[in-house]
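One structure is given here, and the rest of the page talks about it.
Values below: every heavy atom of this structure, side chains too, minus hydrogens, waters and symmetry copies. Since we're looking at a predicted model, the values are computed, not measured. Residue numbers start from 1 in every chain, and the chains themselves are labelled A, B, ... in the order their sequence lines are given, proteins ahead of strands.
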Amino acid sequence: MVGYLISLIIFTGTFTLFSLGLNLQWGFTGLINFGHVGFLAIGAYTTVLLTGDFHVPLIVASLIGGGLAAILGLLIGFTTLRLREDYLAIVTIGVSELIRLIALNEEWLTNGPNGVYGFPLPLEDFSPNLLSKMVMVVILTGLLVLAYWRMWRWLLLRLRGKEQGQLLQNAGLVAGYVLTLMSLLYGVGVAAKNMKEAETFSPPILGLFLAVSLIIVVGGYIVLARWLFPRLQNWHYGANLVSVLGVSGFGLWLYGAGIRGIFDYDYRVGLMLILLLTLALVYWRLEWLVQSPWGRILKSIREDEEVAKALGKNVFWYKLQSLMLGGAIAGIAGSFYAWQLTFINPDGFKPLVTFQAWTIVMLGGAGNNIGTLLGATIFWGYTTITRFILKDIIPLDDARLGAFRLMIIGLILVVLMLTRPQGILGKKEELTLGR
Amino acid sequence: MDTQLIQLTLNGIAVGSIIALAAVGLTLTYGVLRLANFAHGDFMTVGAYLSFLANSLGINIWLSILLGMAATVAFSILGEKIIWSPMRNVRASSTTLIILSIGLGIFLRNGVILIWGGSNQNYNVPVMSALEIGGLRIAYYQLLAIAFAILAILGLHLLLQYSKIGKAMRAVADNVDLARVTGINVEGVANWTWAIAGALTALGGGMYGLITAVRPNMGWFLILPMFASIILGGIGNPYGAIVGAFVIGIAQEVSTYFLPTEYKLGVALVIMALVLLVRPQGIFRGTL
């Protein structure tokens with residue numbers, strides 16, 4: 001369990017890093033990058049090839065990977081950033097596919113479909129003594145405190161000046177809504193699991209039961225939400241409070257797993273610490289950047305390019321910087337992607353990976369780094385829960401279960417765009433969602 | 001020019017006609033409704049699978065493809081009613097629509113896998129021997145695909161140039177607000193656009209399924225060549241899309257003479273990149 005949780009933290013962390021790059025490009029600058037996985041691939045392959053064949057130090061290789069990914073951003077940007085915005089979507093997805101094709105076919109470089117493995121991993125041969133374990137605990141605790149501090153400060157800033165009684169009432173209602181929904185879904189799941197094990201009904205009837213009960217529960221709750229939430233004033237502040245509380249509890253649980261992992265060390269624990277440190281560093285610098293004048297220019301480009309141009313800003317140059325920086329972050333995420341999988345092949349760089357990052361960014365709220373963190377947590381929570389639970393509930397084979405889970409992701413994107421295009425934490429007042 | 005090159009060119013024309021059938025729909029929805037529909041390839045897959053469904057019930061293949069086309073039209077108009085029309089009414093930005101279409105594509109692609117499984121399916125059709133002319137082999141169904149594409153394109157041409165709805169579509173493509181002011185029923189035009197797009201795309205899907213196999217990824221893998229074709233031909237210009245599709249199809253196939261087969265897709269992308277660099281508005285005048 002602890003080992004699994006640590007893998008999960010690494011996975012979530014890698015995708016958060018990856019999605020932070022996309023959030024800079026799309027969330028802050030409005031660039032539709034559908035080829036984000038291309039940057040990831042460049043970073044991953046550069047790292048493993050340099051460290052495997054040429055024994056370059058890991059950190060240097062990772063940085064070179066990020067640099068090459070930035071150069072890819074430069075090349076894409078130079079050709080397409082002057083054109084209409086939707087051309088960028090088409091070109092980037094094309095470029096990422098091209099990179100995957102090259103990785104698939106240039107066997108002398110990438111070993112083709114068989115992939116690369118056996119490359120050095122960070123802290124692979126490191127066996128910590130008690131002192132270094134204590135240092136690790138301190139690092140982890142520090143990161144947790146830092147994260148909590150940032151999160152609660154954000155929350156308090158957001159809630160400043162709101163009436164307390166109303167806030168608590170709303171938070172109670174939102175919490176009740178979420179908890180009852182979750183327990184109802186859980187109840188349906190348990191019922192379906194028991195029915196599947198008892199084998200009293202044939203799979204089609206079981207499937208029908210599941211579908212009908214899910215539609216009733218979810219549909220009922222959507223109707224309830226449509227009726228309830230418009231009646232509550234400032235309900236989303238209550239939702240913020242509830243989600244921060246939920247995330248805090250969840251974080252504490254993960255922290256416990258991390259601590260136990262440190263005392264039962266394997267290389268994944270070290271990787272987790274390095275990743276979390278990198279994440280904290282990147283997050284910190286990104287927040288600083290997007291709040292600087294530079295970040296404000298990016299946002300103004302996202303909202304209305306013409307205005308930024310009229311104010312004398314070199315829009316093309318700023319867009320290019322954003323694309324390159326986001327690409328570099330994704331390239332560094334690529335190193336972690338490779339280290340965590342300990343094996344990479346072109347199949348790991350399909351366009352679907354890009355759209356996972358998109359789901360993360362859109363779910364959390366474009367133009368909000370905390371949102372990206374939240375989105376990644378929800379996304380990997382969803383993936384993990386469904387991977388383990390659906391098997392017991394739904395009478396389908398593995399390939400179809402995988403398809404079903406992806407269908408839900410597609411549906412989430414569609415429903416999100418239809419009903420709440422700004423995502424969970426995004427500010428509608430700030431984003432131009434319509435003309 | 002040796003026979004292999006001619007053979008590859010012929011293959012390319014067959015592939016090109018399939019891309020053309022689908023790309024016309026894509027360019028129409030792009031030009032008329034301002035929607036870069038990344039789910040368009042998956043519409044094609046859905047069309048092919050709906051035809052497969054009819055075919056597997058024992059219905060004749062041509063009737064099945066007709067049924068598949070009809071079902072895809074119904075499906076496209078349903079999508080217009082549920083998704084696209086409400087989104088246009090709230091004046092959603094084009095990027096919101098693009099992301100929506102990506103989600104829809106993932107949903108459809110995996111829905112197909114959920115229902116029919118991930119493996120290849122084949123239509124139940126009699127095996128036809130390929131025509132042999134002077135050392136060239138032309139598969140019977142390739143020939144049919146080309147013929148159907150030409151027929152469909154002729155029909156589309158007549159519809160666009162001489163029918164009232166065709167003129168209305170061109171007017172909406174030029175300027176939505178101006179068209180609305182002149183009394184054109186924009187919603188009706190949108191439905192017609194989806195109907196034409198759905199029918200042609202499903203036909204393309206059926207033909208593609210006949211030539212190769214019916215696969216859950218068939219349409220998704222064609223979406224980039226389709227976009228390359230419509231950018232090449234000027235977005236919103238159906239004739240341009242057709243020319244673009246043939247250029248892309250032939251270039252892809254002929255490139256296998258010089259390059260490994262796997263780089264086919266890359267050729268389409270490189271052509272697209274070159275067009276964007278040199279003449280981003282496309283070879284012909286588009287509406288965007």
Side-chain angles (χ1 to χ4, degrees), chain A residues 26 30-32 34 76 78-80 82-91 93-95 97-98 100-102 104-106 112 302 351-352 354-356 358-359 361-362 366 396-397 399-418 421 431-435, chain B residues 30 34-36 38-39 42 82-83 86-87 90-119 216 220-221 223-224 227-228 230-231 235 259-266 268-270 272-274 276-277 280-281 288:
Chain A
W26 157 248
L31 306 172
I32 317 183
F34 274 173
I76 297 176
F78 251 112
T79 47
T80 30
R82 290 179 200 276
L83 304 170
R84 296 158 37 101
E85 51 188 4
D86 28 6
Y87 282 173
L88 185 68
I90 300 165
V91 170
I93 195 174
V95 170
E97 277 293 85
L98 205 57
R100 192 172 67 85
L101 283 180
I102 291 170
L104 198 59
N105 292 300
E106 301 304 318
R302 175 190 69 192
L352 188 65
T354 306
F355 299 124
Q356 289 175 339
W358 271 89
T359 314
V361 171
M362 299 311 298
L396 286 174
D397 58 71
R400 294 201 161 142
L401 271 183
F404 180 74
R405 286 165 46 210
L406 288 176
M407 261 178 97
I408 302 280
I409 289 180
L411 197 63
I412 289 174
L413 267 182
V414 170
V415 172
L416 205 63
M417 288 295 100
L418 280 173
L431 297 165
T432 307
L433 298 162
R435 277 171 283 153
Chain B
Y30 206 157
R34 302 284 187 270
L35 165 68
F38 277 83
D42 300 296
I82 297 178
I83 300 175
M87 289 307 274
V90 299
R91 293 197 160 258
S93 63
S94 65
T95 51
T96 311
L97 293 180
I98 290 179
I99 300 160
L100 216 164
S101 74
I102 280 282
L104 186 64
I106 295 176
F107 181 75
L108 292 178
R109 194 152 62 246
N110 289 289
V112 164
I113 299 180
L114 188 71
I115 298 172
W116 284 283
S119 51
W220 172 243
F221 286 158
I223 190 78
L224 285 173
F227 270 118
I230 69 169
I231 288 176
I235 288 171
L259 289 168
T261 326
E262 290 82 4
Y263 280 124
K264 256 191 218 178
L265 180 65
L269 296 173
V270 169
M272 181 169 77
L274 286 180
L276 285 179
L277 273 179
Q281 68 273 43
L288 282 177

- For the residue pair A:Trp358 and A:Trp26, categorise the inter-ring angle as parallel (less than 30°), tilted (30 to 60°) or perpendicular (more than 60°). tilted
- Message: Students often mix this up, so state it plainly: with edges at 30° and 60°, are the rings of A:Phe34 and B:Phe38 parallel, tilted or perpendicular?
- Response: perpendicular
Per-residue contact mode, [X] against chain A (heavy atom under 4.5 angstrom):
{"X": "B:Leu114", "result": "both"}
{"X": "B:Leu269", "result": "side chain"}
{"X": "B:Leu224", "result": "side chain"}

With a 4.5 angstrom heavy-atom cut-off, is it the side chain or the backbone of [X] that approaches chain B, or both, or neither?
{"X": "A:Thr80", "value": "side chain"}
{"X": "A:Ile90", "value": "both"}
{"X": "A:Leu406", "value": "both"}
{"X": "A:Ile102", "value": "both"}
{"X": "A:Phe78", "value": "neither"}

- Just give me the residue among A:Leu413, A:Leu98, A:Leu101 that pairs up with chain B most often, heavy atom to heavy atom, under 4.5 Å. A:Leu101
- Note on the structure: Ranking B:Val112, B:Val270, B:Leu277 by heavy-atom pairs under 4.5 Å to chain A gives rank one to B:Leu277
- Between B:Leu265, B:Leu104, B:Ile113, B:Ile99, the one whose heavy-atom pairs under 4.5 Å with chain A are most numerous: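 Maximum pair count with chain A is reached by B:Ile99.
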About how many Å separate [atom2] of [Y] and [atom1] of [X], when rounded to the nearest 0.5 Å?
{"X": "B:Ile115", "Y": "B:Asn110", "atom1": "CD1", "atom2": "CG", "value": "11.0 Å"}
{"X": "A:Asp86", "Y": "B:Thr95", "atom1": "CG", "atom2": "OG1", "value": "9.0 Å"}
{"X": "B:Phe107", "Y": "B:Ile102", "atom1": "CZ", "atom2": "CD1", "value": "15.5 Å"}

- Answer yes or no: is there a side-chain heavy-atom contact under 4.5 Å between B:Ile83 and A:Leu418?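 Yes; the side chains approach each other to less than 4.5 Å.
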- Report yes or no: does B:Thr96 contribute a side-chain atom to a donor-acceptor pair with the main-chain N or O of B:Ala92 at less than 3.5 Å?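 Here the side-chain-to-backbone pair does not exist.
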- Closest contact, heavy atoms only, B:Ala228 versus B:Ala268: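 Minimum heavy-atom contact is CB-O, 3.9 Å.
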